[in-house]
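In what follows, chains carry the letters A, B, and so on, assigned in the order in which the sequence lines appear, proteins first and then strands, with residues in each chain numbered from 1.
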Amino acid sequence: MWNSIKKEFMEGVRTYRFLAILSVMLFFAFLDPALQKYVIPNVLMAQFGDTQPEIIDQMLITTQRACIRTYYTNIFQVGTLVTAFVLSGVVAGERKNRTMIIPIGNGIGMEDAVMAKAVVNGVYLLLVNPLIAVVEYYYTGALFGFDISLLPAIRSGCYYGIYFTMIMAIVLFAGTFFRSGMVAAMVALIPSFGIHLVSQLLNVSKYTPSGLINEAAMLSVIARRNVLLPMAVTMVLILVLIGYTIFRMERIELASR
Amino acid sequence: MYKKIIAIVTVVLCILLFGAFSSQGKLVKVTVSDGTIVGRLMAASDNRVVIFVAGSGPTDMNGNSDFVQGDNDSFLQLAKELHKQGISTFRYDKRSAGLSKPLFRVSPDVVIADFASDLVGVINEMKQEGYEEIILLGHSQGSLVSILAAQQTDVHAVISVSGSGRNIGDNLIEQYSRDPELHVAHIEVIRSLMEGDYTEGAEETDPLFAMEKQRFLMDWMRYDPAEDIGQLDVPVLIVQGSEDFQTGMSDSSKLHSSAKNSSLAVIQGMNHVMKAVIDEEENVLSYQDPSFALSTELVQVIGDYLSTYDR
């Protein structure tokens, strides 16, 4: 088992998968506040001049709290895209390249192989999101001044970590249907964005994974009970999707074209 | 093996979640005359308990109201902070809010005395739980309710936070008069109620003035908090925030001068919902945003008072 995990971890490092996710998210963590602080005010001033200063004031983000919330709104979209496309090679890509035959041929069970992928990538997402939240917290604090405490920011990062782990599970599952990583990623994006869209439209976020996104943006001083249900639903979805991924992979002929 | 890993990760997550949320207090149900009050007891290892009494409207045990879009979690935050100082707290959903609401028969004739009666029931329950020292912390309208309950049963101290020192009619007229053009109809209705007259069809101006609510307001206007606080023999701490635009220094001063044994604490930068704010925009936002933290000075003041007041 540890060999499978080690192999999957090495694979993540070798293919720059981990680096890609980290660097894109860090890039936005640095870019977004800088835009809010330096670029958008100048753009608005150039657009409206000083004719409507009160409107410009209302449009500007001037606090750490508002800046982190804007970042989280943006990272939902960017993070979903990055997670889907970067992790699309984990199952679909390996099926296409037939690299999955190697561990299976060496006597490792399909369950072990898929679980190693889910555990390594899931744990990575669960760790990297709170880490980026800490970076974002200190960076926005340096730009705008500190007006919230660190713990809510870390908690929001954890909520995103769980949410993106669900996106990973969707991508792994989509990989059992399509050999092309690109196709698997694009298909995975439909439920990934669809869940959020439908939840917002029908106002049912408190029952769906979308509730995690809403709670992350709250940055509440104390963890709110509202997050329990979406978190439980998300965790069940992750487990079910991984279970179905194993189920399907055990029935797929890996050597066929 | 992987099943074991998943089981371990799931169990660890569940323990963390359970730990995070169970620390918000044990659910306690209190049967009162015409329903059941539901609250949470956040117990520390001492024999005193601070009972939080919420302000007007359907305000729940965490300080959030159905009338406001978004939560501020003020009571939840205060309970957590006091717990860190080793102080037990009990906070409850009013009969018109949260888990208590479905446990009361719907009545259009609720009056302030009903809230005081509910609180007396809660106080008795806390005594049965074994708490020897009962402290009431009334916020806004809850200040008046605490004062009335303290007249009816033994408590050891009352803490009035952002409580009005005047007849609520005068207070509301002052609030509405800040924007008189927008609130001309509101002011008329309040004036009529103060004179003992209902206004037909006033709910079209504002749902606040539906007939049963006019009845409630008229009953509320019968009370003079300054006069009522003067009847208390127990120590009273009056807390007023400098950024409170619903009650002001005139209210707290009036309460302070009328009480027999009171201390007054004015907290700079604190607004009506006990949050630390720096400007008017934050003041408004903090009513519906749980990311605003409680005034740290408030926690300090309450903690200090509870360790030094005359028992």
Side-chain angles (χ1 to χ4, degrees), chain A residues 1-5 57-58 62-66 68-69 108-120 122-123 126 145-149 151-153 155-156 158 161-162 165 214-229 231-232 234-236 238-239 242-243 246, chain B residues 1-14 16-25 27 40 42 60-64 69-81 83-84 98-99 269 274-279 281-282 285-286 288-296 299:
Chain A
M1 176 207 63
W2 291 113
N3 284 341
S4 300
I5 287 180
D57 280 350
Q58 284 175 3
T62 54
T63 63
Q64 182 190 34
R65 175 186 287 111
I68 292 180
R69 280 181 175 154
I108 294 171
M110 184 56 81
E111 185 183 338
D112 270 13
V114 175
M115 283 303 297
K117 292 176 189 306
V119 167
V120 169
V123 168
L126 287 172
F146 292 90
D147 61 359
I148 61 169
S149 54
L151 190 61
R155 199 188 302 122
S156 295
C158 292
I162 295 170
T165 302
N214 294 349
E215 285 298 321
M218 286 277 180
L219 294 167
S220 58
V221 174
I222 291 170
R224 291 148 48 84
R225 288 180 172 270
N226 304 18
V227 81
L228 281 176
L229 191 56
M231 192 177 285
T234 310
M235 284 161 66
V236 168
I238 292 169
L239 293 177
I242 292 170
I246 294 167
Chain B
M1 191 65 189
Y2 286 107
K3 283 175 188 164
K4 280 184 188 168
I5 292 179
I6 286 189
I8 290 167
V9 170
T10 309
V11 167
V12 168
L13 277 172
C14 288
L16 288 173
L17 280 173
F18 182 78
F21 291 101
S22 65
S23 65
Q24 293 185 6
L27 209 63
R40 282 192 182 274
M42 202 182 278
D60 69 15
M61 64 176 90
N62 292 336
N64 303 320
Q69 198 178 21
D71 298 338
N72 62 59
D73 288 350
S74 54
F75 272 7
L76 176 60
Q77 291 181 20
L78 185 57
K80 281 264 186 183
E81 290 299 325
H83 189 255
K84 283 181 197 165
L99 299 172
M274 303 181 278
K275 300 297 183 81
V277 293
I278 52 169
D279 56 29
E281 190 186 356
E282 281 202 353
L285 285 175
S286 66
Q288 52 193 17
D289 187 339
S291 72
F292 281 88
L294 210 63
S295 161
T296 48
V299 180

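- Considering all non-hydrogen atoms of both residues, B/Ser291 and A/Leu219 come closest at CB-O, 3.0 Å.
- Rounding to the nearest 0.5 Å gives a distance of 8.5 Å between CD1 of A/Ile222 and CG of B/Leu294.
- Residue A/Ile148 touches chain B through its side chain alone, counting heavy-atom pairs closer than 4.5 Å.
- Residue with the most contacts toward chain A among B/Asp289, B/Asn72, B/Ile278, B/Asn62: B/Asp289 (heavy-atom pairs, distance under 4.5 Å).
- With a threshold of 4.5 angstrom between heavy atoms, B/Glu282 approaches chain A through side-chain atoms but not through N, CA, C or O.
- A distance of 9.5 Å separates CZ in A/Arg224 from CG in B/Leu76, rounded to the nearest 0.5 Å.
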